[in-house]
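The next block holds one structure in the form of structure tokens; read it before the comments.
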Amino acid sequence: MDKGTILVVEDEPNIADLVDLYLSREGFRVLKQPTGESGLATMRDHRPRLVVLDVGLPDIDGLEVCRRIRATSAVPVIFLTARADEIDRVLGLELGADDYLTKPFSPAELVARVKAVLRRTDGAQAQEIVQVGAVAVDIGRREIRIDETPVDFTTREFELLRFLAERPGLAMSRQQILDSVWGHDWYGDERTVDVHIAQVRKKLGAACSISTVRGVGYRLESSAR
Ligand code: CA
């Protein structure tokens, strides 16, 4: 029942051991590190699903550790804080912490928070973004990004690209596209699809290609770049 790796960066061994015990019991593989530097090294080598990060560490401050993690990763981070002023700093710096717990905390509460954060972040990553080459169709934010940069799409263009991106490599007829993107009760010419495809192609540029399939309709190439 391996549920993935959780990195625990905590210099107090009794707290680290307790967290380890509870998370291991839930099926997580737990890696413990007592300093910020060793935590960052483990982060790079093991790419954990989630990081439990103490704010007060002997070498680098937990907030700085989080900042360095954030430079390369969106891994969920739950902070452990010892004092009220630490909470203020965690919240004030907007480091992208996913949650925090104040010591002393109940290990069962930590387990509940870990599960909740993983549910939230995994769902967002797995279901709400369709990636085709350099193009990200972010369904949650209703946004198209090319190489991380948002590009303006109208609602119809967005839905059109989403429809094709969810079916990469498959030829879709104009009628199928009309039925899904415009709706079954829409009456109009199939050329409407051609006009919108032209717009979407222009906006995608070389990032991703939509091929014309003779006698059928269109296909989004899955092997873009
Ligand atoms: Ca500490």
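Whatever order the structure lists ligands and atoms in, that order sets their numbers, starting from 1.
- Looking at Glu10, its side chain does come within 3.5 Å of a backbone N or O of Glu12 through a donor-acceptor pair.
- More than 12 heavy atoms of other residues, nucleotides or ligands shown are found within 6.0 angstrom of CZ on Arg156.
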### Task
For the pair Arg83 and Glu86, evaluate salt bridge (charged side-chain N to carboxylate O under 4.0 Å, His left out) and give the outcome as yes or no after the intermediate values.
CA-CA 5 Å; Arg83 304 184 308 270; Glu86 285 183 351; 3.6 Å; yes

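- Around the CG atom of Asp189, the shell of radius 6.0 Å holds more than 12 heavy atoms that belong to other residues, nucleotides or ligands.
- Counting only N and O atoms by type, the side chains of Arg201 and Thr212 include a donor and acceptor under 3.5 Å apart.
- Defined by atom type and a distance below 3.5 Å, a donor-acceptor pair is present between the side-chain atoms of Ser211 and Glu221.
- Residue-and-atom listing of protein N/O/S atoms under 3.0 Å from the Ca ion (ligand 1), sorted by chain and number: Asp11 OD1, Asp54 OD2, Gly56 O.
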